[in-house]
Amino acid sequence: TTENDLDYKMGNTLLVNGGSSYRFTEKWMTSLQVNMRQAPRDEFNGQNVPSTGGKWVYLTPGIKVDVSSGTALYTHVQLPIYQFVNEENLVPRYGLIIGVSHAF
């Protein structure tokens, strides 16, 4: 990472993800992921910024349906199973991801 014009530098973030999926019909598929994120403190003028950085682990079940040839709708719910943040920090109770994918 690099500093911006205001001398603020965000820490390098490490993401580790793993998962598995199971197709239970021709059109429907379920998935289960474990997602981990680790981020150090940000820096401002060479000093650590309070209430930044931490470690998060999520369990993420999902479902996908093929709606046409090459097009699918999907949704995932990220459920926090471990959260460690420095000092006071905003953390989510859950995350909802809804999307469309299309292969050309």
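Position 1 is the first residue of the sequence, and the numbers go up from there. A quick note: this is a predicted structure, and the numbers were derived from the prediction, not measured.
Linking ILVMFWY side-chain heavy atoms closer than 4.5 Å, directly or via other members, places Ile63 and Val67 in a single hydrophobic cluster. At a threshold of 4.5 Å between side-chain heavy atoms, the hydrophobic network of Ile, Leu, Val, Met, Phe, Trp and Tyr places Val100 and Val65 in one connected group.
Remark: the backbone N or O of Gly11 is paired with a side-chain donor or acceptor of Asp42 at under 3.5 angstrom. A donor-acceptor pair under 3.5 Å links the side-chain atoms of Asn4 to the main chain of Leu6, judged by distance alone.
The side-chain contact (heavy atoms from CB on, under 4.5 Å) test applied to Ser69 returns no partner, not counting sequence neighbours. Looking at residues two or more places apart in sequence or on another chain, you find a side-chain contact (heavy atoms from CB on, under 4.5 Å) between Ile98 and Thr75, Leu96. By the side-chain contact (heavy atoms from CB on, under 4.5 Å) test, Pro61 is found to be paired with Leu32, Leu79, residues two or more places apart in sequence or in another chain being considered. Applying the ring pair (Phe, Tyr, Trp, His ring centres under 6.0 Å) criterion to Tyr74, with sequence neighbours excluded, gives His76.
Within 6.0 Å of CZ in Phe24 there are more than 12 heavy atoms belonging to other residues, nucleotides or ligands.
Residue pairs meeting the side chain to side chain donor-acceptor pair (under 3.5 Å) criterion with at least one member in residues 79-104, sequence neighbours excluded: Arg41-Glu87, Thr71-His102.
When all heavy atoms are compared, the tightest approach of Asn35 to Gln78 is OD1-NE2, 3.5 Å. When all heavy atoms of Pro92 and Pro80 are compared, the pair lying nearest together is O-CG, 3.7 Å. Residues Met36 and Gln38 approach most closely at SD-N, 3.8 Å, considering heavy atoms.
Hydrophobic side-chain contacts under 4.5 Å tie Tyr58 into a cluster, directly or through other members, with Trp56, Val85, Val91.
Arg37 has its side chain within reach of Thr13: a pair of non-hydrogen atoms, C-beta onward, lies under 4.5 Å apart.
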